[in-house]
Amino acid sequence: MLWVTRLSGFFSAAMVMVVLSPSLQSFPPAEAIRSSQFDGSVRFPGQIAGGARGIAFRRAPSFRNAADCGGGGAGNGTAANVCDPSLVHIAITLDEEYVRGSVAAVHSVVQHARCPESVFFHFLVSDPGLGDLVRAVFPQLRFKVYYFDPDRVRGLISTSVRQALEQPLNYARNYLADLLEPCVRRVIYLDSDLVLVDDVAKLWRTDLGGRTVGAPEYCHANFTKYFTGRFWSDQRFAGTFAGRRPCYFNTGVMVLDLERWRQASYTQRIERWMEIQKSPPGRIYELGSLPPFLLVFAGHVAPIEHRWNQHGLGGDNVLGSCRDLHPGPVSLLHWSGSGKPWARLGAGRPCPLDALWAPFDLYGPAGAGAEESR
């Protein structure tokens, strides 16, 4: 395999091999893989497998279950066995703007899963044609495409600090209990701007302890900043958190008990807060789809190890800024914020940790693999 990466700062040559090797099941503590500079490129062999509207990707390497996994996937987009109780279910959105990130996220999951043929992906789309791209890039993948109608939520969306947070598909996570089959009782929701470096089955087995949502919590964060002065000055709103110890959690990585969600009608509760946000006399929060989740679930979240969401690597909405990892082990890297690794790498101005996303990138210029694929 021909790929060259020049790293400086705290990366040693040995650690680079450890971090970028897709055969590893987890990262070492974060302190061991911090860096301050990156200058170079990563190249990957392969064939252009499919494309849509000029978007082209190489076909993903083949994968198979370990001998002790049992069963096996039907492959090629087959959804007939979605109710198989042995499956790990993952939901992720798919749109043209973020499709490169979504493909890399899926690639990272199957590369690190011990039983990749037992992982079932639920792709939430507003453009059903993107399912063809997934079939071409991941011929073995078990998945189903679900159409999310933007009109279902468009009237509930309020302006946010970043335009990407206002896109209807960003709210599809609110409707997973309605969109997915009733037999799917649990699902992992993943954002499109992340990669896993550990076996997703470990996250799947999280004990929710009777809670509906499981996620890494960050109780040191200033929780009050997610809501406006109007919210905190009105006891009808502020009293929502009475008797709770609310903590911030990032909704880009969640384990959801869909059975409990359906029973408690949580989608309607989230929608109600979005209606209040849009009603006079004014806003009660600023950040897109996150605050309604906090209003409904904060203080009632099953805590998951922080290793499963090393978030903020995009720069926390500060364009051009770079972030280091939080202390501790790493199982998932999340480029939340305005900076995305594919955009920075493409512009030749990557942040140090973008080098950890690059090995899972399957993007290739349209037509670049025409000769290879014959």
Side-chain angles (χ1 to χ4, degrees), residues 3 5-42 98 101 104-105 107-109 111-112 188-200 202-203 206 214-222 247-255 290 301 303-345 349-361:
W3 56 280
T5 304
R6 272 184 46 216
L7 297 171
S8 57
F10 294 99
F11 275 109
S12 67
M15 189 55 65
V16 171
M17 293 302 295
V18 169
V19 170
L20 298 184
S21 171
S23 64
L24 294 175
Q25 296 304 308
S26 62
F27 275 8
E31 291 87 341
I33 59 174
R34 294 180 190 278
S35 66
S36 58
Q37 296 180 17
F38 169 77
D39 178 19
S41 61
V42 183
Y98 282 82
H107 188 200
S108 73
V109 170
Q111 284 294 304
H112 289 93
I188 296 172
Y189 177 81
L190 298 177
D191 269 351
S192 300
D193 53 357
L194 54 78
V195 295
L196 276 77
V197 289
D198 205 343
D199 188 349
V200 71
K202 298 177 184 177
L203 180 60
T206 297
E217 291 186 296
Y218 302 89
C219 296
H220 62 279
N222 180 8
C247 296
Y248 162 75
F249 65 97
N250 181 280
T251 56
V253 180
M254 299 183 289
V255 181
L290 170 64
V301 172
I304 293 176
E305 287 184 275
H306 288 181
R307 68 187 301 151
W308 287 106
N309 195 353
Q310 287 272 346
H311 67 288
L313 303 184
D316 281 356
N317 299 331
V318 181
L319 189 63
S321 66
C322 295
R323 296 289 300 272
D324 253 346
L325 293 174
H326 307 293
V330 182
S331 292
L332 184 152
L333 299 117
H334 187 186
W335 279 261
S336 57
S338 60
K340 303 306 175 187
W342 56 89
R344 293 192 295 228
L345 287 164
R349 297 189 298 273
C351 286
L353 294 176
D354 294 347
L356 306 183
W357 178 88
F360 305 103
D361 185 18

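Just so we're clear, the structure is a prediction, and the values are computed from it rather than from any experiment.
The shortest heavy-atom contact between Pro303 and Glu217 is CB-OE1, 3.8 Å. Heavy atoms only, all atoms of each residue included: Ser321 and Cys351 are closest at O-SG, 3.7 Å. For the residue pair Ala215 and Met254, the shortest heavy atom distance occurs at CB-CG, 4.4 Å. Minimum heavy-atom separation, Val253 to Pro216: O-CD, 4.1 Å.
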- Message: Would Asp193 and His334 count as a side-chain contact (heavy atoms from CB on, under 4.5 Å) here? Give the steps.
- Response: CA-CA 6 Å; Asp193 53 357; His334 187 186; 2.9 Å; yes
- Query: Given the rule in the side-chain contact (heavy atoms from CB on, under 4.5 Å) test, do Phe249 and Ile304 qualify, once you have shown the distances and angles that lead to the verdict?
  - Reply: CA-CA 10 Å; Phe249 65 97; Ile304 293 176; over 6 Å; no
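Between the CG atom in Leu333 and the CG atom in Leu356 there is a gap of 6.0 Å [rounded to 0.5 Å]. Atoms CG and NZ, from Leu332 and Lys202 in turn, are 13.0 Å apart once rounded to the nearest 0.5 Å. Rounding to the nearest 0.5 Å gives a distance of 12.0 Å between CD of Gln310 and CH2 of Trp308.
In this structure the side chain of Leu313 never reaches within 4.5 angstrom of the side chain of Trp357, judged on heavy atoms. Contact check for Asp191 versus Trp335: no side-chain heavy atoms found under the 4.5 Å cut-off. Between Asp198 and Arg307, some side-chain heavy-atom pair lies under the 4.5 Å cut-off. By the 4.5 Å heavy-atom criterion applied to side chains, Val197 and His112 are counted as neighbours.
Not a single donor-acceptor pair under 3.5 Å links the side chain of Ser192 to the backbone N or O of Gly101.
Take His107 and apply the side-chain hydrogen bond (donor to acceptor under 3.5 Å, both in side chains) test, not counting sequence neighbours, and it matches no residue. Remark: Ser108 pairs with Val195, Leu196, Phe360 by the side-chain contact (heavy atoms from CB on, under 4.5 Å) rule, at least two apart or across chains. Under the side-chain hydrogen bond (donor to acceptor under 3.5 Å, both in side chains) criterion, Thr206 pairs with no residue at all, not counting sequence neighbours.
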